[in-house]
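Here the structure comes first, spelled out in structure tokens, and everything after it is commentary.
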Amino acid sequence: SLLTQPPSVSGAPGQTVTISCAGNDSNLGAGYEVHWFQFLPRTAPKLLIYANTNRPSGVPDRFSGSKSGTSSSLVITGLQADDEAEYYCQSRDRGLRVFGGGTRLTVL
Amino acid sequence: QAQLLQSGSELKKPGASVRVSCTASGYTFSIHAMHWVRLAPRRGLEWMGWISTITGTPTYARNFAGRFVFSLDISVSTAYLQINNLTTDASAVYYCARLSDVGDSEVFDLWGRGSLVTVSS
């Protein structure tokens, strides 16, 4: 993937976890926005963060996003059991839409 | 409430074809382009391309030109993905995703649950 995510992260309930999304000068460094999605088995994927930092209505403020240069991060505070899921970043690379490799979040 | 309802799992033999459907409800189908995304083992998420729900014109990502065909039936607010001459590496979950303008951004704000396609002899 042109966007690199850690394969897995974990945290205990109540803790804070950060999922990184590293790009390069042809994608994040070129100014393209980053969006974050949550994938749960047998459910429709959910948009968590759009345009780097914005939360759609209905997404708890425990989820926040940031972007700086060629990298972006998704931060989840107050970890809950139902946050256990796969998380993907998405942006553009030379105009084409690309996804990160995904990060499996385990709630201990 | 807007939703995208996708067809169920498919088990196909190599060389066969399969068609996945994605039926929209709760919003005006023609306002939003429909995109297709694949989640395959060891390949992760891949953007496959999109189809204009106004003109029906498909656009394919480089890796998906050829055996993959996007189409529409506007009368039933449904987008289709057909995969021809299936090979085992086409085994994956296929998602449809609506593209929306949110603020100044274009985002996939609504997804189907995915359709599992398994290719096996």
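Reminder, nothing fancy here: chain letters follow the sequence lines and each chain counts from 1. Everything numeric in this text was worked out from a predicted model, so none of it was measured.
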Strictly below 4.0 Å, N to O, side chains only: are A:Asp83 and A:Arg62 in salt-bridge contact? yes
Just so I understand: if I count every heavy-atom pair under 4.5 Å between each of A:Gly102, A:Pro45, A:Gly101 and chain B, which residue has the most? A:Pro45
Could you check which of B:Leu116, B:Leu99, B:Val93 has the highest count of heavy-atom pairs closer than 4.5 Å to chain A? B:Leu99
Output yes when a side-chain donor or acceptor of B:Thr53 lies under 3.5 Å from a complementary backbone atom of B:Ser30, and no otherwise. yes
Does any heavy atom of chain A fall under 4.5 Å from the side chain of B:Leu39, the backbone, both, or neither of them? side chain
With a 4.5 angstrom heavy-atom cut-off, which part of B:Glu106 approaches chain A: side chain, backbone, both or neither? both
A:Tyr50 and its side chain to side chain contact (heavy atoms under 4.5 Å, CB included) partner, picked from A:Arg55, A:Glu33, A:His35: A:His35
Using the ring of B:Tyr94 (Phe, Tyr or Trp, six-membered ring only), decide whether B:Arg38 places NZ or CZ under 6.0 Å from its centre and within 45 degrees of its axis. no
Given a strict heavy-atom distance threshold of 4.5 Å, which part of A:Arg42 is in contact with chain B: side chain, backbone, both, or neither? backbone
State yes or no: are the ring centers of A:Tyr87 and A:Phe37 separated by less than 6.0 Å? no
Which region of A:Glu86, side chain (C-beta onward) or backbone (N, CA, C, O), has a non-hydrogen atom less than 4.5 Å from a non-hydrogen atom of chain B, or is it both or neither? neither
